[in-house]
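All remarks here apply to the structure that follows.
When a ligand or atom number is given, it counts from 1 through the structure's own listing order. Hydrogens, waters and symmetry mates are skipped; everything else that's a heavy atom, side chains included, is used.
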Amino acid sequence: MTDRPASSPDRGSSAGKPVDMHVHIVGNGTGDTGCWLRVHGWHRPLAGLMLRHIGLPATAIKGELDGLYAERLLQLVRESSLGAAVILAHDKVYDEQGNVREELGSFYVPNDYVLKLAAEHPEFLPAVSIHPARPDAFEELDRCLAGGAVMMKCLPNCHNIDCNHPRHRRFWERMAEAGLPLLAHPGGEHTVPVVRRELSDPRTLELPLRCGVKVIAAHCGTKSGLFDPDYFGIFVDMTRRHANLYGDTSAFNVPIRGRHVRDCLQSPLVERLLHGSDYPVPVHGHFAWLKGYVDWQTFRRWERHPNVLERDYRLKLAMGFPAETFCRFGRLLRSVHASTCG
Ligand SMILES: [Zn+2]
């Protein structure tokens, strides 16, 4: 663990290099990482597909997954145009009373593991995950801030977090005081079980926004599955009311999520966007080419590129996302303002 300050702009983004601010870490606990993973049913072939996509054998899931996955990711960042990747922890599910409900989750990545990886490798920036109903939520937040956390990540509908509940107000205020942004995933989710569907709506993020937290809505609220509601319009409307609401472009190279790329390139919305890949979610340029977001030569060139982080970055550059989109995360960290709830 280091005593690096929470909002240190001196890593990754400092050189003006692009940052991928939505990169998942997974592990099965090998190497004493504390991670766990439960993959059942149709998720098994999906997990194998994702591993092969990033250049690991599908059998890694039963092997030394944690080390293999982290090493591969490090190699991809180093061999890409990126300055850094923000790596995401994933907390357990808790009930309203703060009791852990481990049986409801499908994977766990402890904060200590992402903090350790980031302390060892300057290419990684640690995003921690803290359920605000945890009995030790404030202690954990302070501990993670001292450890160098650059962001907090949660999925309200999967983690069972009612962000608008008044009991969480102090937690959001503490995050705002510390200048720690919140990456929250609204909308449907198909890789992690949904515990409370009603918490999929981005309007569930109103209280942290009013408390002054810089909130990043993962995927801009676009839908994940064909039959999910599309919250993109609600997200856009909320950006007009909240100057501290942002969205990320993660998984925009997946057909369903990529439907709103043209809307996302329009001002003023484009000034609120941050680049994320959603690694290890597969990156393919077919949809971008079919929709006319990129031309044939661009598609052919980057579709063949073996580095999926670079492929995602290059395809999004070609789609027309301005250079600032890829560096905005660093600026989000620098402007730290204390605030209280309105
Ligand atoms: Zn994700």
Less than 6.0 angstrom separating the ring centers of His22 and His219, yes or no?
yes
With a cut-off of 2.8 Å, does His219 put an N/O/S atom close enough to the Zn ion (ligand 1)?
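No.
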With a cut-off of 2.8 Å, does any N, O or S atom of His24 fall short of it relative to the Zn ion (ligand 1)?
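Yes - counting backbone and side chain alike, His24 has an N, O or S atom under 2.8 Å.
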Considering just N/O/S atoms, say which atom of His22 is closest to the Zn ion (ligand 1).
NE2
Per residue Asp278, nearest N, O or S atom to the Zn ion (ligand 1) is named OD1
Can you tell if the side chain of Tyr113 reaches within under 4.5 Å of the side chain of Asp66, non-hydrogen atoms only?
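Yes, their side chains come closer than 4.5 Å.
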Ion pair present between Arg301 and Glu303, side-chain N to carboxylate O less than 4.0 angstrom?
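Glu303 and Arg301: not salt-bridged.
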Does a donor on one side chain and an acceptor on the other come within less than 3.5 Å for Asp91 and Ser129?
no
